[in-house]
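Working notes for the structure below.
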Amino acid sequence: MGACNVTNNRMEIIPLGGLGEFGMNIMAVRYHDDIVVVDAGLMFPRDDLLGVDLVIPDFAYLLENRDKVRSVILTHGHEDHIGALAYLLKEITVPVYGTPLTLGFAHGRLKENGLLDHVELIDIDPQTALDFGAIHVEVLGMTHSIADSVGFAVTTPVGTVVFTGDFKLDQSPLNGNLTDYAALSRLGEQGVLALFSDSTNSERPGFTPSEIHVRPHIEQVFHTCRKKILVACFASSIHRIQIILDLARDFGRRVVVIGRSMKENITIASDLGYLSIPPGILADSSEAQSIPEGQLVILSTGSQAEPLAALTRLAFGKHKDFAVQEGDAVILSARIIPGNEARVSRLVNHFCRRGARVYDESHWMMHVSGHASQEELKLMINLTKPRFFIPVHGEYRQLYAHALLARDVGIPKERIILAETGDIIALSENSVWIDGKTAVGRRLIDEGGLAALDEVVVRDRQHLSEEGVVLAVVAINKATGRVEGTPELVSRGHVQEDDAAAFLAEARQVIVKALDDCTQEEREDSMVPAEIIRTELKRYFRKRTGTRPMIVPVIIDI
Ligand SMILES: [Zn+2]
Ligand SMILES: [Zn+2]
């Protein structure tokens with residue numbers, strides 16, 4: 001009878017991504033016949049995942065239980081938390097709850113995918129309470145690098161579970177909205193069954209500095225630079241963008257924003273009142289030509305050295321409106337996502353070749369993290385006093401480091417659950433354990449190239465077998481930047497054998513032409529030719545054969 005009770009009265013939490021990997025945060029919270037999905041994020045592919053633009057979680061578990069899914073609730077507007085939302089909503093129609101800025105950022109992607117008509121978007125704010133069947137949700141204010149972030153306290157008859165979402169305990173956030181310490185400690189007094197907490201910076205000792213701390217460091221650059229100032233940050237970093245706009249005003253500079261996502265987010269954030277744009281501060285590229293260099297700031301995305309981003313084109317001297325010159329300052333005001341370090345370092349080299357001075361996070365404090373360091377993580381545990389602790393959001397090493405911190409704070413080892421993506425975390429009134437695994441995976445998304453954000457292709461294994469693979473092998477002499485020999489093309493499962501030879505011969509010419517158009521500096525950096533080959537071949541095959549094979553460029557440095 002007792003055992004029966006345990007199985008009957010239980011809650012399940014299933015991470016479908018984000019545990020043991022960076023990005024793609026999504027969790028299913030289930031109590032009997034009700035499921036609430038917390039976040040639906042994507043992962044940006046690393047250098048080694050060739051031929052794809054985005055990675056999203058496999059929704060199989062949610063699709064199998066589609067009649068039970070009540071809602072998606074969002075913690076904040078970063079892509080690793082909302083980037084897969086459109087793909088999920090294409091398959092399941094449920095209402096989406098988020099704070100105004102979070103929904104504002106999600107809106108664009110949903111519109112592009114024609115989903116706005118049948119998806120309900122519902123505003124929440126800290127203190128909102130929501131009920132989905134037997135699942136009660138309380139919204140908790142949190143500080144993070146993006147405004148309007150929240151966590152959730154989810155209560156079922158089994159108990160209360162706290163999800164921090166991404167957070168830091170910033171004591172002087174730019175918009176004045178503090179983490180809701182009172183609510184967290186009240187929950188702690190009432191009794192928290194389990195805490196799911198952000199592990200990103202669990203290996204970092206001390207406290208994460210406040211966002212306000214970067215301003216004087218960036219200001220130094222404004223004091224010393226007499227030429228153009230280029231600033232790269234994430235399009236969602238509204239606080240950071242505010243700092244740049246304010247400094248530009250104070251130093252009599254105008255700001256040119258480049259990049260579609262940055263422009264869109266600035267509009268959304270200012271419409272919603274999260275960004276105040278000093279009057280007359282923004283200029284467009286055509287106006288910029290008449291503004292003296294010393295009065296110009298260029299604000300752009302591309303801080304991860306994405307191969308086709310405007311910042312990368314600037315680094316290679318190939319941007320259509322601006323040329324980086326001796327005396328310019330380049331501020332990289334963002335975290336380098338693990339896996340992109342080598343690429344960003346090469347970008348810095350190219351800026352230096354043009355005589356720019358580069359300021360980055362590591363040496364110049366041009367960025368502070370949006371995630372809690374060790375002392376803040378311990379404080380979160382002390383405030384909520386959970387019986388069980390589950391570190392989330394990070395690779396295994398960060399989850400493990402966070403588990404060790406929890407032990408320092410006094411949570412016994414047997415009450416710390418180190419779970420990974422796909423684990424079914426079962427909770428009863430007095431225990432938490434891993435009860436098997438559900439099918440999880442990744443789906444690779446090909447957005448169809450740079451400018452042409454037309455229709456989006458989801459590439460699963462089956463798709464791959466239908467559309468095939470084209471491998472392009474090019475040898476480039478690293479010293480001279482010359483292409484050696486002719487490019488080799490190998491195609492599998494793509495076009496009919498008899499047509500293949502003709503198409504591949506033409507495709508080879510496409511590659512030769514594209515590489516001819518590159519500068520020597522671009523050819524020496526294997527990343528650039530690889531991305532150009534991928535884009536050009538994609539375009540070629542779509543036009544000539546109507547197919548979308550996966551293009552895998554292989555550049556051999558000799
Ligand atoms: Zn975040
Ligand atoms: Zn995150």
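As the structure lists them, so they are numbered: ligands from 1, and atoms in each ligand from 1. Since the model is a prediction, treat every value here as computed from it, not as a measurement.
- In summary, the side chains of Glu376 and Thr208 do present a donor paired with an acceptor at a separation below 3.5 Å, with no hydrogens or angles considered.
- Ring geometry for His81 versus His393: interplanar angle under 30°, hence parallel rather than tilted (30 to 60°).
- Between Tyr359 and Phe351, the gap from one ring centroid to the other reaches at least 6.0 Å.
- For residue His76, an N/O/S atom approaches the Zn ion (ligand 1) to within less than 2.8 Å.
- The atom of His81 that is an N, O or S and sits closest to the Zn ion (ligand 2) is NE2.
- Residue His78: an N/O/S atom is found under 2.8 Å from the Zn ion (ligand 1).
- Using cut-offs of 30° and 60° on the angle between ring planes, the pair His213 and His217 is tilted.
- The pair Arg10-Asp435 meets the salt-bridge criterion, since a charged nitrogen lies less than 4.0 angstrom from a carboxylate oxygen.
- At a cut-off of 2.8 Å, His371 does not coordinate the Zn ion (ligand 2) through any N, O or S atom.
- For His393, the N/O/S atom at the shortest distance from the Zn ion (ligand 2) is named NE2.
- The atom of Asp166 that is an N, O or S and sits closest to the Zn ion (ligand 1) is OD2.
- Checking Asp80 against the Zn ion (ligand 1), every N/O/S atom stays at or beyond the 2.8 Å cut-off.
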Trace of the ring-ring contact (aromatic ring centres under 6.0 Å, His included) decision for His78 with Phe105: CA-CA 8 Å; His78 278 151; Phe105 285 166; 8.8 Å; no
